[in-house]
**Student:** 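Attaching a single structure in structure tokens format; questions to follow.
Residue numbers run from 1 in the order of the sequence given.
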Amino acid sequence: MKYRVIRSGRKTAAIQVTEEGVVVRVPQRMTDAEVMRFVIEHEDWIRKHQALMEQELKNRPQAECLTMDEIRALADRALQVIPERVRHYAPLVGVTYGRITIRNQRSRWGSCSAKGNLNFNCLLMLAPPEVLDSVVVHELCHRKEMNHSEAFYAEVLRVFPEYHKWNNWLKENGNMLMRRMTG
């Protein structure tokens with residue numbers, strides 16, 4: 001069985017079955033033999049979830065790929081809309097920010113650098129406006145908390161009380177939007 005190993009500072013091992021394959025997340029100190037043993041112990045679970053993923057992929061509606069002209073148009077629109085939303089929410093969060101960049105990313109909706117530079121995915125223009133606002137607030141709150149702690153989410157919810165509702169929308173529908181970029 002093929003799988004990809006990701007080592008990190010985590011304390012426990014975990015397995016994830018994705019469209020791209022099996023990902024095994026393990027602590028740094030775990031040996032290759034221990035990783036292999038862990039995978040073998042969970043082989044039935046992996047096979048079951050691979051079958052479920054395969055079935056989901058068969059039943060999933062196909063996303064129509066965006067042309068380069070459509071992607072450019074989305075990016076142009078995002079350059080108009082997103083900075084305005086950032087300007088609106090930054091004082092509510094109580095933060096400043098650096099540069100705003102619009103990207104056509106394949107896996108992220110937004111990011112915030114330690115210097116306060118903000119990146120946003122142009123595909124947000126295909127989502128409801130509340131989703132865009134939830135991502136803007138999320139990234140701006142990283143100016144106060146560069147993590148996903150309770151304090152971070154308390155700040156997000158203080159500014160945008162419906163955050164979880166729209167974040168869930170993005171979790172449920174975001175992959176379909178991303179597939180429009182990647183095909």
**Student:** Salt bridge (charged side-chain N to carboxylate O under 4.0 Å, His left out): which pairs involve residues 23-42, sequence neighbours left out?
**Tutor:**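 For residues 23-42: Arg7-Asp32.
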**Student:** With sequence neighbours excluded, tell me which residues meet side-chain contact (heavy atoms from CB on, under 4.5 Å) with Trp169.
**Tutor:**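 For Trp169 the side-chain contact (heavy atoms from CB on, under 4.5 Å) partners, ignoring immediate neighbours, are Ala127, Pro128, Val131, Trp166, Asn173, Leu177.
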**Student:** Relative to each other, are the rings of His142 and His148 parallel, tilted or perpendicular (30° and 60° limits)?
**Tutor:**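 The arrangement is perpendicular - the two ring planes meet at more than 60°.
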**Student:** Can you see which heavy atom on Ala13 is nearest to which on Val26, and at what distance?
**Tutor:**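 Result for this residue pair: CB-CG1, 4.0 Å.
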**Student:** List the residues meeting salt bridge (charged side-chain N to carboxylate O under 4.0 Å, His left out) with Asp69, not counting sequence neighbours, and say none if there are none.
**Tutor:**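 Testing Asp69 for salt bridge (charged side-chain N to carboxylate O under 4.0 Å, His left out), a comparison that skips the adjacent residues, returns Arg72.
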**Student:** Which ILVMFWY residues are connected to Ile6, directly or by a chain of links, through side-chain heavy atoms under 4.5 Å apart?
**Tutor:**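 Val23, all in the cluster of Ile6.
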**Student:** Strictly by salt bridge (charged side-chain N to carboxylate O under 4.0 Å, His left out), give each pair with a member in residues 161-176 just once, sequence neighbours left out.
**Tutor:**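 Of all non-adjacent pairs touching residues 161-176, none passes salt bridge (charged side-chain N to carboxylate O under 4.0 Å, His left out).
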**Student:** Answer yes if Ile46 and Met36 sit in the same cluster of Ile, Leu, Val, Met, Phe, Trp and Tyr residues linked by side chain heavy atoms under 4.5 Å apart, and no otherwise.
**Tutor:**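 Yes, Ile46 and Met36 fall within the same hydrophobic cluster.
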**Student:** If you compare all heavy atoms of Phe120 against all heavy atoms of Glu139, which two are closest, and at what distance to 0.1 Å?
**Tutor:**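 For Phe120 versus Glu139, the nearest heavy atoms are CE2-CG, 3.9 Å.
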**Student:** Can you sort out the partners of Gln50 under side-chain hydrogen bond (donor to acceptor under 3.5 Å, both in side chains), two or more places apart, ordered by chain and number?
**Tutor:**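 Gln50 satisfies side-chain hydrogen bond (donor to acceptor under 3.5 Å, both in side chains) with no residue once adjacent residues are dropped.
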**Student:** Taking only residues two or more places apart in sequence or in another chain, which ones pass side-chain hydrogen bond (donor to acceptor under 3.5 Å, both in side chains) with Lys144?
**Tutor:**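 Listed in chain order: Glu155.
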**Student:** What residues, two or more places apart in sequence or in another chain, satisfy side-chain hydrogen bond (donor to acceptor under 3.5 Å, both in side chains) together with Arg10?
**Tutor:**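 Per chain and number, Arg10 pairs via side-chain hydrogen bond (donor to acceptor under 3.5 Å, both in side chains) with no residue.
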**Student:** Give me the atom names and distance for the closest heavy-atom approach of Tyr163 to His138.
**Tutor:**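 Looks like OH-ND1, 2.8 Å.
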**Student:** Check Cys122 against Ala78 and note the closest heavy-atom contact, atom names and distance.
**Tutor:**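 Heavy atoms of Cys122 and Ala78 come nearest at CA-CB, 4.3 Å.
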**Student:** Could you work out, with side-chain hydrogen bond (donor to acceptor under 3.5 Å, both in side chains) as the rule, every residue matching Ser8, not counting sequence neighbours?
**Tutor:**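 Expected list: none.
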**Student:** Rounded to the nearest 0.5 Å, how far apart are CZ of Arg4 and CD of Glu20?
**Tutor:**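 Rounded to the nearest 0.5 Å, the CZ-CD separation comes out at 8.0 Å.
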**Student:** Could you pull out every donor-acceptor pair under 3.5 Å between side chains of residues 79-96 and any protein atom, sequence neighbours left out?
**Tutor:**
unit_1	atom_1	unit_2	atom_2	d
Arg85	NE	Asp133	OD1	2.8
Arg85	NH2	Asp133	OD2	3.1
Tyr89	OH	Asp133	OD2	3.2

**Student:** Mind checking ring pair (Phe, Tyr, Trp, His ring centres under 6.0 Å) for Phe38 and listing every partner two or more places apart, or none if nothing turns up?
**Tutor:**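 Applying ring pair (Phe, Tyr, Trp, His ring centres under 6.0 Å) to Phe38 gives His42.
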**Student:** If you round to the nearest 0.5 Å, how far is CD1 of Ile71 from CG of Asp76?
**Tutor:**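 Those atoms lie 12.0 Å apart.
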**Student:** Is it the case that one hydrophobic cluster holds both Leu157 and Met146, taking links as side-chain heavy atoms less than 4.5 Å apart, direct or via other members?
**Tutor:**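 The answer is no; the residues belong to distinct hydrophobic clusters.
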**Student:** Between Ser134 and Asn167, what is the shortest heavy-atom contact and its length?
**Tutor:**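 Looking at all heavy atoms of both residues, the closest pair is OG-N, 4.5 Å.
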**Student:** What side-chain hydrogen bond (donor to acceptor under 3.5 Å, both in side chains) pairs are there with at least one residue in residues 107-117, not counting sequence neighbours?
**Tutor:**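 Sorted pair list: Ser111-Asn119.
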